[in-house]
Amino acid sequence: LLRKQLSQKEQELSEVKKALGITPLTELKQSMQHGFDVVGHKWKEVTDTDTYKKIDETLTTWKTKVQDSGAYQKTKSTLSEGGKKASDALSSAGTKIKDNETVKSIGEKTTAAFKRTGTYIKEKGTVLKTKVWASTDAAPSNGETVVHDEPTQSN
């Protein structure tokens, strides 16, 4: 009896939500916003505590001391300089490879070979296509009708 009443109440609630235009997506958005509000409020409570403020101050002081130290500055400078040198070396190597006569020669030969191959295939394809179209002028032996997409060539 209680299950039946609960089911009826859930059905009524569903109909009311539908009438009000409340979709599952709307409910999810509202629920998530509520969760964010609660977390934001709790985070504010945490950041307002004396313990948090002392830890934040200590970490900020340590960060400043580390960044102001000679070792940190030297390491930062060395890494920056090394990065620039590596970048310059790679750029220079790339230019040397690109400008190398052997590499250029290989590129030219490869390009020419591909062009010749493409021309050969195109020519052979045209010859083959012409032969196929020419051979279809005769009626098929099995009685089927031949439909040509291109006009047949007479020899």
Side-chain angles (χ1 to χ4, degrees), residues 7 10-11 13-47 52 55-155:
S7 178
E10 286 175 343
Q11 183 64 33
L13 176 63
S14 176
E15 290 171 6
V16 169
K17 284 182 179 180
K18 189 174 183 179
L20 293 173
I22 299 173
T23 64
L25 182 59
T26 305
E27 288 183 288
L28 177 63
K29 286 180 184 178
Q30 290 173 346
S31 177
M32 289 181 69
Q33 185 59 50
H34 176 71
F36 290 141
D37 291 344
V38 168
V39 169
H41 178 73
K42 293 295 181 186
W43 181 247
K44 175 92 172 97
E45 287 178 10
V46 169
T47 58
Y52 179 87
I55 292 171
D56 184 55
E57 184 180 321
T58 301
L59 291 174
T60 302
T61 302
W62 288 355
K63 177 184 172 189
T64 303
K65 285 181 180 179
V66 167
Q67 288 179 342
D68 290 345
S69 72
Y72 176 86
Q73 293 300 324
K74 186 173 181 179
T75 302
K76 181 179 174 183
S77 173
T78 302
L79 290 174
S80 176
E81 201 173 304
K84 288 177 187 173
K85 286 182 180 181
S87 176
D88 291 345
L90 290 172
S91 177
S92 174
T95 301
K96 287 179 182 177
I97 290 170
K98 185 178 78 170
D99 293 342
N100 181 293
E101 290 303 318
T102 303
V103 172
K104 283 183 179 180
S105 174
I106 292 170
E108 290 167 359
K109 289 176 182 175
T110 305
T111 300
F114 275 113
K115 284 182 180 177
R116 283 193 306 273
T117 303
T119 302
Y120 176 80
I121 292 170
K122 191 174 187 179
E123 289 172 357
K124 290 297 179 185
T126 301
V127 169
L128 181 60
K129 188 175 176 182
T130 302
K131 288 181 180 179
V132 168
W133 285 114
S135 69
T136 57
D137 286 342
S141 60
N142 61 4
E144 293 180 7
T145 305
V146 176
V147 178
H148 295 287
D149 289 335
E150 296 181 19
T152 57
Q153 298 179 358
S154 300
N155 288 346

Measure the OG1-NZ distance between T110 and K115 for me, rounded to the nearest 0.5 Å.
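Rounded to the nearest 0.5 Å, the OG1-NZ separation comes out at 12.0 Å.
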Determine all donor-acceptor pairs shorter than 3.5 Å in which one atom belongs to a side chain in residues 78-89; sequence neighbours excluded.
from : atom 1 : to  : atom 2 : distance (Å)
T78  : OG1    : K74 : O      : 2.8

Residue pairs fulfilling side chain to side chain donor-acceptor pair (under 3.5 Å) with at least one residue in residues 35-45, sequence neighbours excluded
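Counting only pairs at least two positions apart or across chains, the side chain to side chain donor-acceptor pair (under 3.5 Å) contacts touching residues 35-45 are Q33-D37, H41-E45, K44-D48.
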Minimum heavy-atom distance between T60 and D56, given as atom pair plus value
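Taking every non-hydrogen atom into account, OG1-O, 2.8 Å.
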Will you find, in the side chains of S92 and T95, an N or O donor that is under 3.5 Å from an N or O acceptor?
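No.
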Residues in salt bridge (charged side-chain N to carboxylate O under 4.0 Å, His left out) contact with K76, at least two apart in sequence or another chain:
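For K76, no residue satisfies salt bridge (charged side-chain N to carboxylate O under 4.0 Å, His left out) once neighbours in sequence are set aside.
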Sequence-distant partners of E57, salt bridge (charged side-chain N to carboxylate O under 4.0 Å, His left out), two or more places apart
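Not a single residue meets the salt bridge (charged side-chain N to carboxylate O under 4.0 Å, His left out) criterion with E57.
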Flag side-chain contact, heavy atom, 4.5 Å: T58 against T61:
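Not touching, per the 4.5 Å side-chain cut-off.
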Pairwise salt bridge (charged side-chain N to carboxylate O under 4.0 Å, His left out) hits with a residue in residues 13-24, at least two apart
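Every salt bridge (charged side-chain N to carboxylate O under 4.0 Å, His left out) pair that includes a residue of residues 13-24, provided the two are not neighbours, is K17-E27.
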Taking only residues two or more places apart in sequence or in another chain, which ones pass side-chain contact (heavy atoms from CB on, under 4.5 Å) with E101?
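Applying side-chain contact (heavy atoms from CB on, under 4.5 Å) to E101 gives K104.
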